[in-house]
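For reference, the structure discussed in these notes is given below.
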Amino acid sequence: MADAVNPRTEYEALKERASSAVNQGRLTDALEFFDRAHDLASDLGEADLEDLAFCNRSAIAIRLGEVEDCVPQLRQMLLRTSDTQVARHSAYNLSLACDARKDYKKELFYARIAYRYSLELEETEHEASALNQIGNALVALNDFQGGFEEYRKADLLLRGEESDRRAVILANVGYCCLLTGRTEQGFQAVIRGLRMARRVASPFAESLARLCLAFAYLQVGRPWYGLRHGSAALELAEQYDDQQTMKHALLLLGEAYKQGGKQQVARECFELLQRTYYPGMSQVPEMLLDVDVCRVINLRG
Amino acid sequence: MARRPIRQVQLVGRKIRQLRKANDLTQTELSSRIGIQQSDLSRMEKGEYRVSLDNLFKILAEFRMSIGEFFDEIAEESVSPRDLEVLRNYKHLDEEAQKEVEDFIAFKRNQGKSPTE
């Protein structure tokens with residue numbers, strides 16, 4: 001007689017496969033695995049498990065741009081649940097959704113809720129994720145020193161850990177240092193983040209770190225290094241269709257060519273940026289050629 | 001008395017304020033049209049705020065201004081007397097000489113900056 005597959009075991013296996021897909025940048029595959037896990041959780045009839053499964057899939061859906069489908073259910077979940085884990089997860093996902101909507105004050109609000117719940121759970125990795133999310137919101141709101149402090153707290157919590165999560169946090173620490181005049185410290189943190197991202201083979205973390213490093217090199221007038229890292233960031237972001245990173249990578253590539261004296265190539269980068277993301281604004285390339293955009297733009301805004 | 005250098009972010013903010021006033025808009029009105037907080041717009045105008053790329057284009061679209069004109073005016077304020085003198089001299093050169101100057105500038109910028117890949 002064949003052994004029946006334990007639904008709980010299958011659920012956990014699907015979660016593992018989804019997490020692995022996320023780490024490799026295969027977000028669509030991850031969503032499919034989390035969808036199947038969610039269906040299994042519903043069949044099991046455990047409300048909290050079903051809620052957690054929905055939170056897992058909605059985190060990926062939000063990253064893929066399917067924000068509006070998830071938000072109402074996440075909000076309801078946060079209000080009705082008595083399970084701390086579900087509350088933490090739904091608050092965290094709402095924070096991600098608000099970031100996607102560019103509603104940074106609400107992002108901050110939900111990230112702080114997620115942080116409080118993670119403290120109750122005493123789960124270091126989730127505390128760090130929530131602190132990182134608080135930092136993201138603060139940086140988007142132009143509070144770079146505040147963002148730095150939150151990112152630093154997150155990094156200290158994960159001391160000794162080698163992970164994509166920590167690689168991203170290190171890159172974020174570095175970005176804030178660059179924006180608050182601590183250039184050397186910024187470079188050190190971003191390079192540490194990049195090296196960690198490569199060791200753990202996380203294309204998402206690597207693209208973010210390379211984007212920060214490109215920005216850093218442009219800040220100190222080293223355009224060809226900026227070009228190298230900006231190109232790599234673009235290539236990685238294209239692998240998992242991260243439009244935000246692609247947009248900013250194109251911007252920094254244009255800046256690199258401009259700084260390096262290749263005005264025509266810079267113009268072509270900016271024209272591609274304009275055609276792709278700002279249709280109907282054909283004056284954009286000219287504007288970008290005339291101004292040191294790195295000095296006025298917030299890449300996290 | 002020497003001019004204090006003006007940070008580019010302050011120039012952009014100042015320009016946004018000028019355009020807003022020239023269009024007879026309050027901060028509340030403009031921020032509402034763009035879809036940002038009034039407090040953020042206030043900080044932008046003071047040069048205390050790094051603008052997102054999206055918001056900068058929204059602002060310019062709101063004023064329906066040529067982006068080149070927007071930054072031409074900023075460039076004038078950020079150019080020093082020495083820069084202007086160089087530009088005047090450059091403009092007096094013939095086309096071939098201007099090309100030589102441009103090539104020399106590109107050469108100097110590239111000098112010692114290209115890493116071995």
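By convention in this document, chain letters (A, B, ...) are assigned in the order of the sequence lines, proteins followed by strands, and residues within each chain are numbered from 1.
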Contact origin within L299(A) toward chain B - heavy atom pairs under 4.5 Å: neither

Would you say R43(B) has more than 12 foreign heavy atoms packed within less than 6.0 Å of its CZ? yes

Between the CE atom in M44(B) and the CG atom in N142(A), the distance rounded to the nearest 0.5 Å is 8.5 Å

Which answer fits E102(B), side chain, backbone, both or neither, if we ask what part of it has an atom under 4.5 Å from a heavy atom of chain A? neither

Applying side chain to side chain contact (heavy atoms under 4.5 Å, CB included), can you list everything that pairs with E271(A), at least two apart in sequence or on another chain? R267(A), R275(A), P285(A)

For L179(A), which atoms come within 4.5 Å of any heavy atom of chain B: side chain, backbone, both, or neither? side chain

For E184(A), I'd like to know if atom CD has over 12 heavy atoms of other residues, nucleotides or ligands within 6.0 Å. no

Around E235(A), counting heavy atoms of other residues, nucleotides and ligands shown, do more than 12 lie under 6.0 Å from its CD? no

So what's closer than 4.5 Å to chain B heavy atoms on F144(A): side chain, backbone, both or neither? side chain

Do the non-hydrogen side-chain atoms of K102(A) and D54(B) ever get within less than 4.5 Å of each other? yes

Check the surroundings of atom CZ in R199(A): do more than 12 heavy atoms from other residues, nucleotides or ligands lie under 6.0 Å from it? yes

Over all heavy atoms of both residues, which pair between R50(B) and C294(A) is shortest? Give the atoms and the distance, please. NH1-O, 2.8 Å

How about R198(A): does its CZ atom have over 12 heavy atoms from other parts shown lying under 6.0 Å from it? no

